[in-house]
Amino acid sequence: MSNVPSDSTTLNDKKKKFRMPGTPALLLCITLFVAILTYVLPAGEFDRAEMGDRTVVVPGTFHAVEGNPCGIGDLFSSVFNGLVNAAELIAFVFVVGGAFYIVQSTGAINAGLGALIRKLGGGKEFIMIIVVMVAFSLGGASFGMAEETLPFVALCVLAAQALGYDTIVGISMVLIGVYCGYSAGPLNPFNTGIAQSICELPTFSGIGLRIVLMIGTLVIAITYTLIYAKRHRGGDQLGDKEIEKARKEAELLEMEFTKLHKVVLIILGVTLLSLVFGVIKFGWYFAEISALFMAMGVIVGMIYYRGSFNKTMDIFMDGAKAMTIAALIMGLSRTILVVAENGMILDTIVYGISIPLGHMPETFTACGMYVAQGIINFLIPSSSGQAVVVMPIMSSVSDLVGVSRQTAVLAFTCGDGFWNMITPTHSVVMATLGIAGTSFGKWFKFALPLVLIWSVWICIILVCATVTGYGPF
């Protein structure tokens with residue numbers, strides 16, 4: 001019998017060898033590509049000016065500067081610099097992840113979820129998905145909730161798997177839900193607030209159309225998630241490891257829901273309410289939110305483990321340790337921005353994208369702005385960072401082509417927020433996938449069709465805004 005493989009066998013082997021790169025490999029490949037661009041694209045930058053407590057780009061000041069191509073040493077050191085650049089968010093993930101793990105270790109969340117799931121049996125599981133997505137969207141819409149969702153990722157993934165769904169459903173409940181509100185930005189200070197300030201518009205003016213936008217995108221997102229959940233329900237859709245993991249988690253959900261568990265969940269509930277109040281009322285950010293969750297973890301541990309501070313801290317360290325991969329991925333996602341900035345091509349790319357917008361038909365200029373923002377978001381995933389670089393340019397472009405500045409702001413918030421779902425440089429997305437143990441390739445396959453559907457709805461809104469002269473009020 002011949003040992004020579006048949007053509008069909010060879011083809012099958014080739015198919016098996018090809019697969020989507022893992023998230024770390026993908027990020028480093030993109031970093032390498034941007035490093036090559038520093039040799040290809042002309043170096044340039046805009047002048048900057050102080051505007052209140054922000055430094056913004058001065059439109060019409062783009063000029064050539066001496067290039068600074070990324071060398072081999074710069075390329076490898078960009079990993080370290082990216083980690084340093086993301087240090088604040090990484091520290092936040094470690095502290096909050098460790099503190100939240102203390103709560104998880106008590107079994108209160110599992111027991112409470114088990115009780116809730118039993119009540120939502122008999123085909124009512126979809127109610128949980130709807131309620132959770134609406135709740136997170138309101139957080140994103142009102143106080144710009146984004147990084148604050150990370151502590152909830154593991155919880156929602158566990159809930160989704162307990163209901164018989166895969167991890168994508170759990171991630172979608174959190175990530176897609178919050179960005180429906182964040183991206184439409186009715187009251188989001190990080191995108192709408194800063195952008196309107198730069199464009200000299202009344203803060204949070206034009207809220208009506210943004211609420212309409214948010215409702216539409218949320219309805220689309222919920223419908224899309226429910227359809228996916230229905231199609232991918234059941235053990236036959238999971239791999240062997242996922243089935244075993246889901247089985248073990250299902251067993252955990254069968255534990256008795258004790259009075260002590262209820263006390264733990266009450267403390268968790270008070271913490272979350274305090275989080276919302278602190279962010280809205282006092283503008284809490286990483287340091288304050290980390291302190292809040294650290295206090296919660298210590299209190300829960302001391303109560304549940306009968307005053308054993310040593311055991312509480314051991315569990316905290318275990319939880320922080322579990323966040324290592326997510327933290328490293330966040331740092332790797334920042335290396336791309338580091339290389340583009342140091343290579344002096346970031347402003348060149350922004351300037352090049354803005355040029356065609358001045359030559360588009362007025363009705364569709366806003367749609368072009370939306371697409372341009374989505375592309376720029378790949379390099380500048382920070383809402384506030386993108387606003388100070390892009391909005392001075394986009395506001396000038398809108399004045400030239402007859403599109404209102406309010407419409408330009410709306411195009412910015414949509415391109416900044418909704419495209420985050422398919423942007424591998426966005427730290428919140430990458431951290432969420434790291435916590436959930438899901439590859440970017442699998443997530444991208446799920447999110448891309450949703451972003452395309454969203455884009456149709458967004459362009460309809462932007463065209464209406466352009467035709468009606470969407471103004472400051």
Item to check | Residue pair I168 / T438, side-chain heavy-atom distance below 4.5 Å | outcome: yes
Item to check | Side-chain donor or acceptor of R210 paired with backbone N/O of F204 under 3.5 Å | outcome: yes
Checklist entry - Is there a side-chain contact (heavy atoms from CB on, under 4.5 Å) between M214 and L138 once you walk through the steps? => result CA-CA 10 Å; M214 172 184 161; L138 293 175; 4.0 Å; yes
Item to check | Sequence neighbours excluded, every pair satisfying side chain to side chain donor-acceptor pair (under 3.5 Å) that has a member inside residues 66-75 | outcome: none
Checklist entry - Any donor-acceptor pair under 3.5 Å linking the side chain of Y470 with the backbone of G206? => result yes
Item to check | Any N81 side-chain heavy atom under 4.5 Å of E341 side chain | outcome: no
Item to check | Within-4.5 Å side-chain heavy-atom neighbours: M344 and T348 | outcome: no
Checklist entry - Side chains of I355 and Y351: closer than 4.5 Å at any heavy-atom pair? => result yes
Next on the checklist: For a side-chain contact (heavy atoms from CB on, under 4.5 Å) check, start with the C-alpha distance between T192 and F412, then their side-chain angles and the critical distance, and finish with the verdict.
Outcome noted: CA-CA 9 Å; T192 303; F412 157 71; over 6 Å; no
Next on the checklist: Between T335 and V34, is there a side-chain heavy-atom distance shorter than 4.5 Å?
Outcome noted: no
Checklist entry - Heavy-atom distance under 4.5 Å between the side chains of F136 and L175, does that happen here? => result no
Next on the checklist: Is the shortest side-chain heavy-atom distance between F364 and C459 below 4.5 Å?
Outcome noted: no
Next on the checklist: Between V298 and M294, is there a side-chain heavy-atom distance shorter than 4.5 Å?
Outcome noted: yes
Checklist entry - With no hydrogens and no angle check, do the side chains of S172 and Y224 hold a donor and an acceptor under 3.5 Å apart? => result no
Checklist entry - Considering residues, nucleotides and ligands other than I72, do more than 12 of their heavy atoms fall under 6.0 Å from its CD1? => result no
Checklist entry - Hey, mind stepping through Y370 and W419 against side-chain contact (heavy atoms from CB on, under 4.5 Å) and telling me if it holds? => result CA-CA 10 Å; Y370 162 67; W419 281 47; 2.9 Å; yes
Next on the checklist: Keeping W454 on the side-chain end and T217 on the backbone end, is there a donor-acceptor pair under 3.5 Å?
Outcome noted: yes
Checklist entry - I220 and side chain to side chain contact (heavy atoms under 4.5 Å, CB included): which partner among I453, T225, I176? => result I453
Item to check | Test log, rule ring pair (Phe, Tyr, Trp, His ring centres under 6.0 Å), inputs F446 and W443 | outcome: CA-CA 5 Å; F446 166 82; W443 172 254; 5.2 Å; yes
